[in-house]
Amino acid sequence: MSESQITKRTVYVGGLAEQVDKKVLEAAFLPFGDLRSVEIPVDMKSGAHRGFGFVEFMEVEDAEAELYGRTLRVNLARAANNKPSTESNRPIWADDFFYRKKLQDEGLGVDDEALDA
């Protein structure tokens with residue numbers, strides 16, 4: 001059996017609570033198909049699991065969710081972190097730092113006292 005066949009029928013499960021053990025994880029996924037194995041990696045120092053696990057199904061089809069012939073990937077939704085901040089909405093000329101830098105790059109001096117007055 002090739003490694004790619006194993007990975008195609010194995011799902012990663014993250015965000016496991018401390019109370020979750022192999023039996024609980026197995027019970028959660030058993031309704032979706034027969035399972036070959038359930039693994040929850042353990043931290044060697046603390047002995048507690050690391051918050052994630054792997055569920056290997058017997059059949060590849062059981063590990064995949066399909067809709068109109070396309071395999072679905074399911075993840076938790078996250079807040080968009082690529083929203084522009086108030087700083088990024090400011091035009092470059094709103095701060096004279098860039099103007100002063102340009103003048104310095106061109107070898108020209110800036111009279112800071114006159115600008116601040």
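It should be emphasised that the depicted structure is a prediction, and the values quoted were computed from it without experimental measurement.
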Establish whether [X] and [Y] are linked, either directly or via other cluster members, by ILVMFWY side-chain heavy-atom contacts under 4.5 Å.
X	Y	result
V60	M58	no
L35	F54	no
F52	V42	no

Tell me, please, which residues at least two apart from A48 pass side chain to side chain contact (heavy atoms under 4.5 Å, CB included).
S46
Identify the heavy atoms of D21 and I40 that sit nearest to each other, and give their distance.
C-CD1, 3.5 Å
Closest approach of G53 to P41 (non-hydrogen atoms, all atoms of both residues):
CA-CD, 4.1 Å
Assess whether side-chain contact (heavy atoms from CB on, under 4.5 Å) is satisfied between T10 and V55, documenting all intermediate values.
CA-CA 5 Å; T10 302; V55 177; over 6 Å; no
For the atom pair CZ (F57) and CZ (R9), what is the distance rounded to the nearest 0.5 Å?
11.0 Å
Distance in Å, R50 CZ paired with L16 CG, rounded so as to fall on 0.5 Å steps:
12.0 Å
Out of K22, E26, E56, which one pairs with S37 under the side-chain hydrogen bond (donor to acceptor under 3.5 Å, both in side chains) rule?
E56
Restricting to salt bridge (Lys or Arg N to Asp or Glu O under 4.0 Å), what partner residues turn up for E59, sequence neighbours left out?
none
Name all pairs fulfilling the ring-ring contact (aromatic ring centres under 6.0 Å, His included) condition that reach into residues 13-51, sequence neighbours left out, sorted by first residue then second.
none
